[in-house]
Amino acid sequence: SQQGEEDPQALSIQEGENATMNCSYKTSINNLQWYRQNSGRGLVHLILIRSNEREKHSGRLRVTLDTSKKSSSLLITASRAADTASYFCATEGTSGTYKYIFGTGTRLKVLA
Amino acid sequence: GAGVSQSPSNKVTEKGKDVELRCDPISGHTALYWYRQRLGQGLEFLIYFQGNSAPDKSGLPSDRFSAERTGESVSTLTIQRTQQEDSAVYLCASRPDSSEKLFFGSGTQLSVL
């Protein structure tokens, strides 16, 4: 079963705009990661946020985590056409098993 | 190699045949994961190997699915008596002990006709 649900399922924006996508999960977590997938094949790790962190930045990416609401958001600022991809959140539960469950993904399209 | 390698990249098979999918993880990565991704969907967890521990097989959808891993190297995912609903991209990922980050291969696109 899938842990994460992401919304929106699809997002279309103009180049230069910001893109925000959200991830909700069901059980307590140790950490949450965001991954990017181009063309339906391999995923690439973007950023990790731990359960005791509220916000993290990496370049044009900003991730927030609200453990009370069991949700996270990924913000991509000043988007580029090259950011067009699917974005997934992945959670690791608190059992310490390093088993990662992925969300349903958000398909982002950035129009030039 | 530098990254996770999966083979074949594409596999077309007939319903009822068995298939084997291979994953070569990054050298030194003790953990290895298999996921399934149906068209336009998220990733479904299938199985997870960690070193010499018993694998977590909780995501395997039926007894037609099995996987093996030799030590901390190659893994093979086997699907017996394939069905059309098995058509998907099968993704493999590995992870070193020192990190929570997963490194993915490019996947095997399986098409069952």
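Sequence lines set the chain letters: A, B, ... in the order given, protein chains first and strands last, and positions in each chain run from 1.
- More than 12 heavy-atom neighbours from other residues, nucleotides or ligands sit within 6.0 angstrom of CD on A:E55.
- Between A:Y100 and B:F45, the distance separating the two ring centers is not shorter than 6.0 angstrom.
- Between the CG atom in B:L43 and the CD1 atom in A:I101 there is a gap of 10.0 Å [rounded to 0.5 Å].
- No more than 12 heavy atoms of other residues, nucleotides or ligands sit less than 6.0 Å from atom CG of B:N52.
- Hydrophobic clustering places B:L32 together with B:L46 (ILVMFWY residues linked when any side-chain heavy atoms are closer than 4.5 Å, directly or through intermediates).
- Once rounded to the nearest 0.5 Å, the distance linking CD of B:Q50 with OH of A:Y98 reads 8.0 Å.
- Residue B:F103: no heavy atom, backbone or side chain, is found under 4.5 Å from chain A.
- For chain A, the nearby parts of B:Q109 are the backbone and the side chain; heavy atoms of each come within less than 4.5 Å.
- Note that OG of A:S86 is 7.5 Å distant from CD of B:Q37, once rounded to the nearest 0.5 Å.
- Within a 6.0 Å radius of CG in B:L113, more than 12 heavy atoms belonging to other residues, nucleotides or ligands are found.
- In this structure, the portion of A:L48 lying under 4.5 Å from any heavy atom of chain B is its side chain and not its backbone.
- Using a 4.5 Å cut-off between side-chain heavy atoms of Ile, Leu, Val, Met, Phe, Trp and Tyr, with links allowed through other members, B:L110 and B:Y35 fall into different hydrophobic clusters.
- For the atom pair A:Q37 CD and B:L91 CG, the distance stands at 6.5 Å (nearest 0.5 Å).
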Could you walk me through whether A:Y35 and B:L102 pass side-chain contact (heavy atoms from CB on, under 4.5 Å), step by step?
CA-CA 9 Å; A:Y35 287 80; B:L102 300 184; 3.3 Å; yes
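- Around atom CD of B:E68, no more than 12 heavy atoms belonging to other residues, nucleotides or ligands sit under 6.0 Å away.
- With hydrogens and angles disregarded, no donor-acceptor distance shorter than 3.5 Å links the side chain of B:Q41 to the backbone of A:G105.
- Put simply, CD1 on A:I47 and NZ on B:K101 are 11.5 Å apart, with the number rounded to the nearest 0.5 Å.
- Interface check for chain B: of the options A:R107, A:Q9, A:E6, A:R50, the most heavy-atom pairs under 4.5 Å are formed by A:R50.
- Connection of A:W34 to A:Y25 is established within a shared hydrophobic cluster, with ILVMFWY side chains joined at heavy-atom distances below 4.5 Å, either directly or through further cluster members.
- With a threshold of 4.5 angstrom between heavy atoms, B:S53 does not approach chain A through any atom at all.
- Cluster membership for B:Y48 and A:L43, using ILVMFWY side-chain heavy atoms within less than 4.5 angstrom, is shared.
- Dense packing is recorded around CZ of B:R38, with more than 12 heavy atoms of other residues, nucleotides or ligands lying under 6.0 Å away.
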